[in-house]
Amino acid sequence: MIDTVTEPGAQPFAVQLKALTDLEGRYQPKLSGLRFIEASQDNGLRMTTRLREVEVKDLLSLTRFFGFHSDTFSLAISLLDRFLSVMKIQPKHLSCVGLCCFYIAVKSSEEEKNVPLANDLIRISQNRFTVSDMMRMEKIIMEKLYGRVKAPTALRFLRLFHSHVQEQLSTESEKILSLDRLESQLKACHCSFVFSKIKPSLLAMALLCYEAQEQHDPEHADKISEALKSVQQQLNIKDGDLVCIRELVGKCLVDYATTKCSRPNGQRLRWIISGRTARELKHSYYKITRLPTIPESAN
């Protein structure tokens, strides 16, 4: 049975926050597994932080290519990190694991009419495994994660916190903290392994505090600070922990902005495909709605 997180709807902030934080621990990657990856040598025999980060950027490219929602990408990264933290996989299997996590996230977050076939996903991403390989891996992932799919991701916390803070501000100040910008920054953080070890609520809070500091507006600074302090207290986050993660967020975003790595929301996908594949794909994968839905047997 697949475990899902019910959408909070129009419930009060405190109720929504408690529902997410109560579930948060159940969906955290295993810290010992992440530390094992962090300590692994980059010799092609074991999973490393670099390989994980490369895979995440590939998944970001796929998300951008298909026009999927940010929720899909965040959920895929949650699934990937959780699985990698409990299974010692070989690097040669990483692309299959990553694509399966992405596929599970797509089927959980996107409308059915927009879900591509598994075979076409493999073809577009230029992987060499088969649909059968992918289906077997998907079964393994679901078993190891006990069917727990829709995790309370950092994105969900970020949206909740952002909405709560905005309610405390005047209409004129609503544009100070742009949710689109925050979501893009969160994608950049997902590409860095260090944040895999951070609780989603703490990462979301640190990102929001960092952005509030960067977009300093003297006229509304006190209101924003007061609202953020209130959320911090409800989460029982220590000042030192928040400052530490906020600094990590700042460093990540500075590095992301000054290097040639894949940028969130700005990357153009350039897949090289054969003429036959191009013909089979018809017009374009940007017109996803024309594709058939996944057969029930593929679930």
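Side chains included, hydrogens not; waters and symmetry mates left out as well; all remaining heavy atoms used.
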Before giving the answer on side-chain contact (heavy atoms from CB on, under 4.5 Å), spell out for S201 and M205 the whole-Å C-alpha distance, their side-chain angles and the decisive distance to 0.1 Å.
CA-CA 6 Å; S201 57; M205 190 67 197; over 6 Å; no
Please list, chain by chain and in numerical order, all residues satisfying side chain to side chain contact (heavy atoms under 4.5 Å, CB included) with D22, sequence neighbours excluded.
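Result, side chain to side chain contact (heavy atoms under 4.5 Å, CB included) vs D22: K18.
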Within the 4.5 Å heavy-atom criterion, are [X] and [Y] side-chain neighbours or not?
X: F193; Y: E38; value: yes
X: E138; Y: C101; value: no
X: P91; Y: R46; value: no
X: L155; Y: S70; value: yes
X: L235; Y: L17; value: yes
X: Q168; Y: E226; value: no
X: P116; Y: V106; value: yes
X: E53; Y: S192; value: yes

Verify the cluster assignment for L99 and V131: are they in a single hydrophobic cluster under the rule of side-chain heavy atoms below 4.5 Å apart?
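Yes, it is one cluster - the side chains of L99 and V131 are joined through contacts under 4.5 Å.
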Applying the 4.5 Å side-chain criterion to the ILVMFWY set and letting contacts propagate, would I141 and V86 be lumped into a single cluster?
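They do share one cluster, since a chain of ILVMFWY contacts under 4.5 Å joins I141 to V86.
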Should D241 and K238 count as an ion pair when the cut-off is N to O under 4.0 Å?
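No salt bridge links D241 with K238.
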Is any side-chain N of the basic residue among D71 and R156 closer than 4.0 Å to the acidic one's carboxylate O?
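Looking at R156 together with D71, the answer is no, because their closest N to O distance does not fall below 4.0 Å.
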If you measure only the distance, is there a donor-acceptor pair under 3.5 Å linking the side chains of [X] and [Y]?
X: E211; Y: Q185; answer: yes
X: S178; Y: D180; answer: no
X: T130; Y: D133; answer: yes

For the atom pair [atom1] ([X]) and [atom2] ([Y]), what is the distance rounded to the nearest 0.5 Å?
X: L177; Y: E214; atom1: CG; atom2: CD; answer: 12.0 Å
X: F83; Y: S78; atom1: CZ; atom2: OG; answer: 13.5 Å
X: L186; Y: S74; atom1: CG; atom2: OG; answer: 5.0 Å
X: T49; Y: L84; atom1: OG1; atom2: CG; answer: 11.5 Å
X: I104; Y: S109; atom1: CD1; atom2: OG; answer: 11.0 Å
X: D42; Y: T48; atom1: CG; atom2: OG1; answer: 4.0 Å

Steps toward side chain to side chain donor-acceptor pair (under 3.5 Å) verdict (E55, S95)
CA-CA 7 Å; E55 182 62 27; S95 59; 5.7 Å; no
F66 and F68 aromatic ring geometry - parallel, tilted or perpendicular at 30°/60° bounds
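Taking F66 first and then F68, their aromatic rings lie parallel (interplane angle under 30°).
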How are the rings of H190 and F73 set relative to one another: parallel (under 30°), tilted (30 to 60°) or perpendicular (over 60°)?
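Taking F73 first and then H190, their aromatic rings stand perpendicular (interplane angle over 60°).
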How far apart are the closest heavy atoms of [X] and [Y], and which atoms are they?
X: S85; Y: K30; result: OG-N, 2.8 Å
X: L75; Y: S108; result: CD2-CB, 4.0 Å
X: L228; Y: A212; result: CD1-CB, 3.9 Å
X: L158; Y: L207; result: CD2-CD2, 4.1 Å
X: A151; Y: Y27; result: CB-CD2, 3.4 Å
X: F157; Y: A204; result: CB-CB, 3.7 Å

For S196 and R52, what are the C-alpha separation, side-chain angles and deciding distance, and is it a side chain to side chain donor-acceptor pair (under 3.5 Å)?
CA-CA 10 Å; S196 301; R52 179 267 183 197; 3.2 Å; yes
Crowding at CD, Q41 (>12 non-hydrogen neighbours, <6.0 Å):
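Incorrect, the count does not exceed 12.
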Other residues, nucleotides and ligands only: do more than 12 of their heavy atoms fall within 6.0 Å of CZ on R159?
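Yes, enclosed.
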Taking [X] for its side chain and [Y] for its backbone only, find out whether a donor-acceptor pair lies under 3.5 Å.
X: E110; Y: T72; answer: no
X: Q232; Y: I237; answer: yes
X: S125; Y: I122; answer: yes
X: K187; Y: L60; answer: no

Given salt bridge (Lys or Arg N to Asp or Glu O under 4.0 Å), test D239 with K229 step by step and report yes or no.
CA-CA 10 Å; D239 289 340; K229 192 66 177 179; 3.0 Å; yes
Applying side-chain contact (heavy atoms from CB on, under 4.5 Å) to Q234 and F13, what does each step give before you reach the verdict?
CA-CA 11 Å; Q234 292 184 64; F13 172 75; 3.6 Å; yes
One pair to check against side-chain contact (heavy atoms from CB on, under 4.5 Å): F102 and L79. What are the steps and the verdict?
CA-CA 8 Å; F102 182 75; L79 292 167; over 6 Å; no
Taking the six-membered ring of F36, is the NZ or CZ of K88 close enough (under 6.0 Å from the centre) and on axis enough (within 45°)?
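K88 over F36 ring: yes.
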Under the 6.0 Å and 45° cation-pi test, does K107 pair with Y103?
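Yes - K107 lies over the ring of Y103, closer than 6.0 Å to its centre and within 45° of its axis.
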In sequence, state the C-alpha distance, the side-chain angles, and the governing distance for V54 and R50, and then conclude on side-chain contact (heavy atoms from CB on, under 4.5 Å).
CA-CA 6 Å; V54 169; R50 183 189 66 81; 4.2 Å; yes
